[in-house]
Visitor: 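Handing you this structure, nothing more for now.
Counting starts at 1 for both ligands and their atoms, in listed order.
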Amino acid sequence: MSSVAQSSSWTSFLKSIASFNGDLSSLTAPPFILSPTSLSEYSQYWGEHPNLLIEPNFLAQSEKATRDETDAMALKRIIAVTKWFISTLRSQYCSRNESMGSEKKPLNPFLGEVFLGKWEDPEGAEGKIGETILLSEQVSHHPPVTAYGIHNAKNGVTLQGYNGIRSSISTTSINVKQYGHAILEYKNLEESYLITLPPLHIEGLISASPFVELEGSSYIQASNGYFAVIEYSGRGWVTGKKNTFKARIFRDAMSSARKENAVITVSGQWSGKSYIGNGSSTPSSKDELFYDAQSSEPQHLVVKPIAEQHELESRKAWSKVAEAIKKADYDLISEEKSLIENKQRELRKTEAASGDKWQTRWFDLVDYSDSSVEPDAFLNLTNISNLSIRNAPSGSLKNSKYDEGEAKHWRINIEKWKAEKEIKI
Ligand SMILES: CCC(=O)OC[C@H](C)CC[C@H]1O[C@H]2C[C@H]3[C@@H]4CC=C5C[C@@H](O)CC[C@]5(C)[C@H]4CC[C@]3(C)[C@H]2[C@@H]1C
């Protein structure tokens, strides 16, 4: 066992996990497990392969296409969307391990914290992709919820979504259910996709080298009917290596009831190589390579220098805390964090006194249980996939045990971004 794992701070931290109350940010983790990065920055992991995100826009059928050609192109597009989704997972769930040696505890964003930037036209794309922007905003602090919008104007592509988590502790791991979803819209194709988020757990706590492993399933529902079911497993499974997945693509959600109905199957590691085959049999390294996560380097977001940032922008707001974490100076960390937390407490008190609640900046909370709400991509896609519209764990089905309670979801308000005067990309 490494010296870190034996260190008193880690063992006392593990004990604190034992008395866990459900809110991860309430746990005081030892300094070496703290990340200098705020959770509001994690939205960028959706956009680090702009070429794959935009690719479906170029897979349009011709005007004179027959029904079969149209269908064949629709299948090509959901395969391309599945490839883009799989390409996001290494950044989402492995990037801290790769850059800092293990999963870390991100800074807990304050209400109203924003993170924004752009991906420039990828090298060698000859202007085909163009610029893609990211807007991310902490729309709730209790519980923590981050909303984001990624937009590529040149190709009419918009990805928007939000994420919140609920955690619980088992003897050796932290179990996390994700709430929220992503909606991907290709304006030129008049086509949209609903993407749900898989549950995960944190392994390696005992050995003080935590890492994320995905589990369960997630779904991609296309407005043209095609439906992808992605199942995740880790090395604990009989055959699986870590980060294993199997994606099955069906003509529609109904036919996904039987695995034999899969028209395409993709299998492998989302942090490594995966292979694609026709039908429902499991492809292997003898079949066609689908994606190699290790060989396609993520394109990093361009973020303004901290000196040019607004005080609500994440890296500016957290700069002193981030410095203290890099110095592993625990007293300074808690001193600088308290300054931010106390300022937030004051703000909330003033708002409570004057009665004007904090207003979110670029996102609106839409109540889908309100029958007057306009039919939109979310309602259409949850209908054809039979997925719940409620604030249930991501991917819950209608009439499942979680299909109850409120149905309020965060949506980007692009007019508010266009009217933005103070904060620039
Ligand atoms: C708080 C307890 C603690 O410090 O334990 C030490 C360990 C670092 C485990 C807890 C933290 O692990 C982090 C992993 C984070 C998730 C990673 C990726 C994503 C995907 C992204 O799209 C949305 C956010 C999400 C789900 C992160 C949520 C927060 C997680 C679970 C951090 C834990 C506090």
Visitor: Between Lys242 and Phe211, is NZ or CZ placed under 6.0 angstrom from the six-membered ring centre and within 45° of the ring axis?
Guide: yes

Visitor: How far is atom 24 (C) of ligand 1 from its nearest protein heavy atom, and which residue and atom is that?
Guide: Asn163 OD1, 3.8 Å

Visitor: Heavy-atom pairs closer than 4.0 Å: do any link ligand 1 to the side chain of Phe13, the backbone, both, or neither?
Guide: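 Side chain only.
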
Visitor: Select one of side chain, backbone, both or neither to describe which atoms of Lys104 lie under 4.0 Å from any atom of ligand 1, heavy atoms only.
Guide: backbone

Visitor: Using the side-chain hydrogen bond (donor to acceptor under 3.5 Å, both in side chains) criterion, which residues pair with Asp121? Sequence neighbours excluded.
Guide: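 Testing Asp121 for side-chain hydrogen bond (donor to acceptor under 3.5 Å, both in side chains), a comparison that skips the adjacent residues, returns none.
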
Visitor: List ligand 1 atoms under 4.0 Å from Gln92, heavy atoms only on the residue side.
Guide: 18 (C), 20 (C), 21 (C), 22 (O)

Visitor: Check whether NZ of the Lys or CZ of the Arg Lys128 lies under 6.0 Å from the centre of the six-membered ring of Phe58 and within 45 degrees of that ring's axis.
Guide: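 Verdict for Phe58: a cation-pi partner in Lys128.
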
Visitor: Less than 6.0 Å separating the ring centroids of Tyr162 and Tyr148?
Guide: no

Visitor: What protein heavy atom lies closest to atom 33 (C) of ligand 1? Include the residue and the distance to one decimal.
Guide: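 For this ligand atom, the closest protein heavy atom is Leu24 CD1, 3.7 Å.
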
Visitor: Between Ser43 and ligand 1, which residue portion shows a heavy-atom distance shorter than 4.0 Å: side chain, backbone, both, or neither?
Guide: neither

Visitor: Closer than 3.5 angstrom, by distance alone: can the side chain of His49 be matched with the main-chain N or O of Asn51 as a donor-acceptor pair?
Guide: no

Visitor: Given the ring of Phe290, does Lys83 sit roughly above its face, with NZ or CZ under 6.0 Å from the centre of the six-membered ring and within 45° of the axis?
Guide: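 Yes, Lys83 sits over the ring of Phe290.
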
Visitor: What residue and heavy atom of the protein are closest to atom 10 (C) of ligand 1, and at what distance?
Guide: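 Checking every protein heavy atom, the shortest distance to atom 10 (C) of ligand 1 gives Ile174 CD1, 4.0 Å.
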
Visitor: Show me which atoms of ligand 1 lie under 4.0 Å from any heavy atom of Tyr93.
Guide: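 Contacts of ligand 1 toward Tyr93, numbered from 1: 18 (C), 19 (C), 20 (C).
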
Visitor: Which residue supplies the protein heavy atom nearest to atom 27 (C) of ligand 1, what is that atom called, and how far is it?
Guide: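 Heavy-atom neighbour on the protein nearest atom 27 (C) of ligand 1: Leu39 CD1, 4.1 Å.
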
Visitor: For atom 32 (C) of ligand 1, which protein heavy atom lies nearest, and how many Å away is it?
Guide: Pro106 CD, 3.7 Å

Visitor: So, is the end of the Arg251 side chain (NZ or CZ) under 6.0 Å from the ring centre of Tyr226 and within 45° of the ring's axis?
Guide: yes

Visitor: May I have all residue pairs that pass side chain to side chain donor-acceptor pair (under 3.5 Å) and include part of residues 380-397, sequence neighbours excluded?
Guide: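 Passing the test, one end in residues 380-397: Ser388-Asp403.
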
Visitor: So which protein heavy atom does atom 15 (C) of ligand 1 come closest to, and at what separation?
Guide: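 The protein heavy atom lying closest is Tyr42 CE2, 4.6 Å.
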
Visitor: Flag atom 30 (C) of ligand 1 as yes if some protein heavy-atom distance to it falls below 4.0 Å, otherwise no.
Guide: no

Visitor: Evaluate the side chain to side chain contact (heavy atoms under 4.5 Å, CB included) criterion for residues Leu387 and Lys398: first the C-alpha distance (whole Å), next the side-chain angles of each, then the deciding distance (0.1 Å), finally the verdict.
Guide: CA-CA 5 Å; Leu387 287 168; Lys398 286 190 195 313; 5.9 Å; no

Visitor: Got the closest protein heavy atom to atom 9 (C) of ligand 1, with its distance?
Guide: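 Its nearest protein heavy-atom neighbour is Ile202 CG2, 3.8 Å.
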
Visitor: Closest non-hydrogen protein atom to atom 26 (C) of ligand 1, residue and atom name please, with distance?
Guide: Gln178 OE1, 3.7 Å

Visitor: For Phe378, is the NZ or CZ atom of Arg411 found under 6.0 angstrom from the centre of its six-membered ring and inside 45 degrees of the ring axis?
Guide: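 Yes - Arg411 lies over the ring of Phe378, closer than 6.0 Å to its centre and within 45° of its axis.
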
Visitor: Any idea which atoms of ligand 1 are less than 4.0 Å away from a heavy-atom of Arg96?
Guide: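 In order of number, 17 (C), 18 (C).
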
Visitor: Within a distance under 4.0 Å of any heavy atom of Ala29, pick out the atoms of ligand 1 and give their elements.
Guide: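 Listed by number with element, the hits are 4 (O).
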
